[in-house]
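Residue numbers run from 1 in the order of the sequence given. Since the structure is predicted, the reported quantities are computational estimates derived from the model, not experimental observations.
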Amino acid sequence: MNEQIQPATVRVFIALAPPDDAKRELARELGPAYHAHPRMRWNRIEDWHITLAFLGEVPTAVVPLLRPPLAELAAPRRPLTLALRGGGHFDERVLWSGIDGDLAELHLLAAEVRTVVKECGAVLPERRFRPHLTLARARRDTPSCAVEAAAGLAGFTGRSWRAERLHLVGSNIGRGPGPIHYRDIEAWRFGGRDPFVAAPSG
């Protein structure tokens, strides 16, 4: 029997995830942009997330170190009330939707998550936290697509929803020619100590 070889590294981040109905609401708003800019690299709706800390490629051994402190961090917290609102772009290429709601709590959560990550030995870039939901990336030969799509989202205000779980997410980026896919390594419910999702870390 062949044993599955565990990769030496894994690409991970820690995030919140909007519920399906909030994502569908935004997807409907994006309908004209999908039609007008089909060559943009659109993220899959099921992969939309609000990144709190992006670790990038880390040794696989770091993952089990993250689990206990992230569970402890989530356990006493109340869910956050958030909403998707408006849109913008980074460097005229990356299209995103903005976040509204319990922003002070969101910034505090991100700071505490980043502290946990650093205490577990992972290196994070010193970058200001800007809460957003990445939607697409424009190709280098058509950068105006992201700018135009962002303008189309300017008036969007989505319904409020509760972020109830903290997600440790892995991706397969750089592991093949296909599209990027994300999966929960584990997720913890705010206000509860039992993990909502558990999966092998390899």
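- Residue Leu52 holds its CG atom at 6.5 Å from CG of Leu106, rounded to the nearest 0.5 Å.
- Connection of Leu70 to Leu108 is not established within any shared hydrophobic cluster, with ILVMFWY side chains joined at heavy-atom distances below 4.5 Å, either directly or through further cluster members.
- Here Arg85 pairs with Asp100 under the side chain to side chain donor-acceptor pair (under 3.5 Å) rule; sequence neighbours left out.
- Considering only residues two or more places apart in sequence or on other chains, His49 meets the ring pair (Phe, Tyr, Trp, His ring centres under 6.0 Å) condition with Phe13, Tyr182.
- Of all heavy-atom pairs spanning Gly158 and Glu25, the tightest one is CA-OE1, 3.5 Å.
- For Glu46, the salt bridge (charged side-chain N to carboxylate O under 4.0 Å, His left out) partners are Arg44, not counting sequence neighbours.
- In terms of heavy-atom proximity, Cys145 sits nearest to Ala138 at CB-CB, 4.4 Å.
- Screening His167, Arg165, Arg67 for a side chain to side chain donor-acceptor pair (under 3.5 Å) with Glu186, the sole residue that qualifies is Arg67.
- Trp188 and Ala74 get closest at one heavy-atom pair: CB-CB, 3.8 Å.
- By the side chain to side chain donor-acceptor pair (under 3.5 Å) test, Glu119 pairs with no residue at all, sequence neighbours left out.
- Partners of Arg78 under the salt bridge (charged side-chain N to carboxylate O under 4.0 Å, His left out) rule, at least two apart in sequence or in another chain, are Asp102.
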Please list every donor-acceptor pair under 3.5 Å in which a side-chain atom of residues 14-23 meets a protein atom from a residue at least two apart or in another chain.
{"unit_1": "Asp21", "atom_1": "OD1", "unit_2": "Arg159", "atom_2": "NH2", "d": "2.4"}
{"unit_1": "Asp21", "atom_1": "OD2", "unit_2": "Arg159", "atom_2": "NE", "d": "3.3"}
{"unit_1": "Asp21", "atom_1": "OD2", "unit_2": "Arg159", "atom_2": "NH2", "d": "2.6"}

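- In the hydrophobic clustering, where aliphatic and aromatic side chains (Ile, Leu, Val, Met, Phe, Trp, Tyr) are joined below 4.5 Å either directly or transitively, Phe90 groups with Val94, Trp96.
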- Working for side chain to side chain contact (heavy atoms under 4.5 Å, CB included), residues Leu109 and Phe190: CA-CA 11 Å; Leu109 175 62; Phe190 293 126; 3.9 Å; yes
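- Arg162 pairs by the side chain to side chain donor-acceptor pair (under 3.5 Å) definition with Glu164, not counting sequence neighbours.
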- Pair Asp47-Val169, side chain to side chain contact (heavy atoms under 4.5 Å, CB included): steps then yes or no: CA-CA 10 Å; Asp47 290 335; Val169 186; over 6 Å; no
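- You'll find the side chain of Val116 stays beyond 4.5 Å of the side chain of Lys118, heavy atoms only.
- Residues Val147 and Phe156 do not share a hydrophobic cluster, clusters being chains of Ile/Leu/Val/Met/Phe/Trp/Tyr side chains in contact below 4.5 Å.
- The main-chain N or O of Val58 is never found under 3.5 Å from a side-chain atom of Thr9 such that the two would form a donor-acceptor pair.
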- Message: Run the side chain to side chain contact (heavy atoms under 4.5 Å, CB included) test on Leu133 and Leu26 for me, step by step, so that the C-alpha distance in whole Å, both residues' side-chain angles and the decisive distance to 0.1 Å come before the verdict.
- Response: CA-CA 11 Å; Leu133 189 76; Leu26 176 57; 3.8 Å; yes
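- Not a single ring pair (Phe, Tyr, Trp, His ring centres under 6.0 Å) links Trp161 to another residue, sequence neighbours left out.
- A donor-acceptor distance shorter than 3.5 angstrom exists from the side chain of Ser97 to the backbone of Gly86, with no hydrogens or angles considered.
- Here the straight-line distance linking atom CG of Leu30 with atom CG of Leu135 works out to 5.5 Å at 0.5 Å rounding.
- In this structure, Asp141 places its CG atom where more than 12 heavy-atom neighbours from other residues, nucleotides or ligands lie under 6.0 Å away.
- One distance of note links CZ of Arg114 with CG of Leu55; it measures 10.0 Å at 0.5 Å rounding.
- Partners of Glu105 by salt bridge (charged side-chain N to carboxylate O under 4.0 Å, His left out), not counting sequence neighbours, listed by chain and number: Arg77.
- Under the 4.5 Å side-chain heavy-atom criterion for ILVMFWY residues, a single connected hydrophobic cluster contains both Ile45 and Leu82.
- The hydrophobic cluster analysis finds Leu65 isolated: no Ile, Leu, Val, Met, Phe, Trp or Tyr side chain comes under 4.5 Å of it, directly or through other members.
- Between Ala146 and Leu95 the shortest heavy-atom distance is O-CD1, 3.8 Å.
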With a 3.5 Å cut-off and sequence neighbours excluded, list the donor-acceptor pairs that the side chains of residues 34-43 form with protein atoms.
{"unit_1": "Trp42", "atom_1": "NE1", "unit_2": "His37", "atom_2": "O", "d": "3.1"}
{"unit_1": "Asn43", "atom_1": "ND2", "unit_2": "Thr134", "atom_2": "O", "d": "3.1"}

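- No side-chain donor-acceptor contact under 3.5 Å links Arg137 to the backbone of Arg93.
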